[in-house]
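Order of appearance sets the numbers: ligands from 1, and atoms from 1 within every ligand. Numbering of residues begins at 1 and proceeds along the displayed sequence.
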Amino acid sequence: TESDDQLIIDAGQKQFGAITCVSCGMIYSADSLEDNVQHTQFHQRFLDSVKFVGWKKERVVAEFWDGKIILVLPDDPKYAVRKAEDVRQLADNELGFQQGSLSCPSQAKTYLFVNSDRMVVGCLIAEHIRQGFRVLDQQEPSKDMTKENFMEHHRAWCCSTVPQEAICGISRIWVFSLARRKGIATRLLDTVRNSFIFGSCLTKEEIAFSDPTPDGKLFATKYCET
Ligand code: ACO
Ligand code: ZN
């Protein structure tokens, strides 16, 4: 009918008014009912996931004027492991990863950046690995490469295509959209290099990134060259 068509047209036009929620960072159209419902659902889940109430025993591995980095290990108390998992799920949703896809969850170390507002605004998951690829050029796969080889080749990298001995694999790195470009990812990685192996500092070459996104590549390229 005529009035139904009109409704649709109005809704379509109003979609142009996109706004960004200053708390959860979601970009949505305030005029769209569907968007509002989606935002309300995401908003609360996001705030619950990133809320950091403080723990009796926190493994603080770095402190800054605008926050601190806490390390969570697989055998830590349930509430700590749970928080690490909640934040990982947020990051995975944004990255489009399948949930529970850590290669070895019992070995993973999770680094959480908590800001002065008691929110977890950064998360890095590091795992022990034996080999990685550095990033500079992305070589074409050779003909005799198996599918598995090909996948492996394209999944793990950091800065050449020659496999390198790496010690620490970064399987996830995520910073809250409204807290980016403030050096949080850089500080998370610096802290991993200093604390991943007790008493020793890893070089940038001993670190490899897996499944990098465009953002991840830009960041890693910058981080590896500096
Ligand atoms: N575009 C261009 N350069 C960038 C970008 C970008 N999006 N992000 C970082 N850089 C470079 C810049 O040179 C930057 O320095 P500058 O701000 O002085 O110019 C430098 O890297 C350091 O950046 P940080 O501030 O330390 O990085 P940030 O805290 O913003 O986090 C991250 C970077 C983690 C990639 C963030 O953008 C993010 O969470 N993105 C969405 C999730 C994602 O894609 N994560 C990577 C997945 S790959 C993986 O998990 C293995
Ligand atoms: Zn919101």
task: Say whether Ile173, considering both its backbone and side-chain N or O atoms, lies within less than 3.5 Å of an N or O atom on ligand 1.
output: yes
message: Tell me the closest heavy-atom pair linking Ala126 and Tyr111, and the distance in Å.
response: CB-CE1, 4.4 Å
message: Contact between Asp190 and Tyr223 at the side-chain level, heavy atoms closer than 4.5 Å - yes or no?
response: yes
- prompt: Is Val60 reachable from Ile184 through a run of hydrophobic residues whose side-chain heavy atoms are each under 4.5 Å from the next?
  reply: yes
field: Within-cut-off N or O pair, Gly183 and ligand 1, under 3.5 Å
entry: yes
message: Which heavy atom of Cys224 sits nearest to which heavy atom of Lys204, and what is that distance?
response: O-CD, 4.0 Å
field: pair Leu202-Ile197: side-chain heavy atoms closer than 4.5 Å
entry: yes
statement: In ligand 1, the atoms that come under 4.0 Å of a heavy atom of Ile170 are 51 (C)
field: Option of least heavy-atom distance to atom 1 (N) of ligand 1 (set: Leu218, Thr186, Asp190)
entry: Leu218
Which residue and heavy atom of the protein sit nearest atom 9 (C) of ligand 1, plus the separation: Phe219 CB, 3.8 Å
task: Answer yes if a protein heavy atom lies under 4.0 Å from atom 47 (C) of ligand 1, otherwise answer no.
output: yes
- prompt: Less than 3.5 Å between some nitrogen or oxygen of Trp174 and one of ligand 1, yes or no?
  reply: no
message: Would Ser210 count as a polar contact of ligand 1, with the cut-off being nitrogen or oxygen pairs under 3.5 Å?
response: no
message: Strictly inside 4.0 angstrom of atom 30 (O) of ligand 1, do you find any protein heavy atom?
response: yes
message: Tell me the protein heavy atom at minimum distance from atom 20 (C) of ligand 1, and give that distance in Å.
response: Lys222 CG, 3.8 Å
- prompt: Looking at Pro212, which atoms of ligand 1 are within less than 4.0 Å of one of its heavy atoms?
  reply: 48 (S)
- prompt: Counting both backbone and side chain atoms, is some N or O of Ala185 under 3.5 Å from an N or O of ligand 1?
  reply: yes
Per-residue contact class, Arg187 against ligand 1 - non-hydrogen pairs under 4.0 Å: neither
task: Please state whether the rings of Phe196 and His128 are parallel, tilted or perpendicular, taking 30° and 60° as the class boundaries.
output: tilted
task: Of the side chain and backbone of Pro214, name the one, both, or neither that has a heavy atom under 4.0 Å from an atom of ligand 1.
output: neither
query: N/O to N/O below 3.5 Å, does that happen between Val175 and ligand 1?
result: yes
task: Give the numbers and elements of all ligand 1 atoms closer than 4.0 Å to a heavy atom of Lys182.
output: 25 (O)
message: Return the closest protein heavy atom for atom 41 (C) of ligand 1 as residue, atom name and distance.
response: Arg180 NH2, 3.3 Å
query: Are any of the side-chain nitrogens in Asp66 or Lys182 under 4.0 Å away from the carboxylate oxygens of its partner?
result: no
query: Considering only heavy atoms of Ile184, which atoms of ligand 1 have at least one such atom less than 4.0 Å away?
result: 26 (O), 29 (O)
Under 3.5 Å, which donor-acceptor pairs link side chains of residues 48-56 to any protein atom two or more places apart or in another chain?
| unit_1 | atom_1 | unit_2 | atom_2 | d |
| --- | --- | --- | --- | --- |
| Asp48 | OD1 | Gln44 | NE2 | 3.2 |
| Ser49 | OG | Arg45 | O | 2.8 |

message: Please find the pair of heavy atoms, one from Ser23 and one from Met119, that lie closest to each other, and give the distance.
response: O-CE, 4.3 Å
- prompt: Any ion pair linking Glu94 and Arg88 (charged N to carboxylate O, less than 4.0 Å)?
  reply: no
message: Determine whether a donor-acceptor pair (N or O, by modelled atom type, separation under 3.5 Å) exists between the side chain of Asp76 and the backbone of Val81.
response: no
- prompt: Shortest non-hydrogen contact from Ala18 to Ile27?
  reply: CB-CG2, 4.1 Å
task: Enumerate the protein N/O/S atoms at a distance below 2.8 Å from the Zn ion (ligand 2), ignoring waters.
output: Cys21 SG, Cys24 SG, His39 NE2, His43 ND1
query: Which of the numbered atoms in ligand 1 are below 4.0 angstrom from a heavy atom of Leu95?
result: 42 (C), 43 (C), 44 (O), 45 (N), 47 (C)
- line: When distances are taken from atom 7 (N) of ligand 1, the protein heavy atom at minimum range is Asp215 OD1, 3.1 Å
query: Should Val22 and Leu90 be counted in the same cluster of Ile, Leu, Val, Met, Phe, Trp and Tyr side chains packed under 4.5 Å apart?
result: no
statement: Numbered in order shown, the ligand 1 atoms found under 4.0 Å of a heavy atom of Ser171 are 50 (O)
- request: Verify the cluster assignment for Val121 and Leu178: are they in a single hydrophobic cluster under the rule of side-chain heavy atoms below 4.5 Å apart?
  value: yes
- request: Using a 4.5 Å cut-off on heavy atoms from C-beta on, say whether the side chain of Phe64 contacts that of Ile69.
  value: yes
- request: Would you mind listing which atoms of ligand 1 come within a distance below 4.0 Å of any non-hydrogen atom of Thr213?
  value: 43 (C), 44 (O), 45 (N), 46 (C), 47 (C), 48 (S)
message: Check Arg193 with Glu206, please: is the shortest side-chain N to carboxylate O separation under 4.0 Å?
response: no
- request: Using the ring-ring contact (aromatic ring centres under 6.0 Å, His included) rule, take Phe176 and Phe46 through it: C-alpha gap first, then chi angles, then the decisive distance, then the call.
  value: CA-CA 10 Å; Phe176 173 39; Phe46 176 87; 4.9 Å; yes
query: Can you tell me which residue and heavy atom of the protein come closest to atom 17 (O) of ligand 1, and the distance to 0.1 Å?
result: Arg181 NE, 2.8 Å
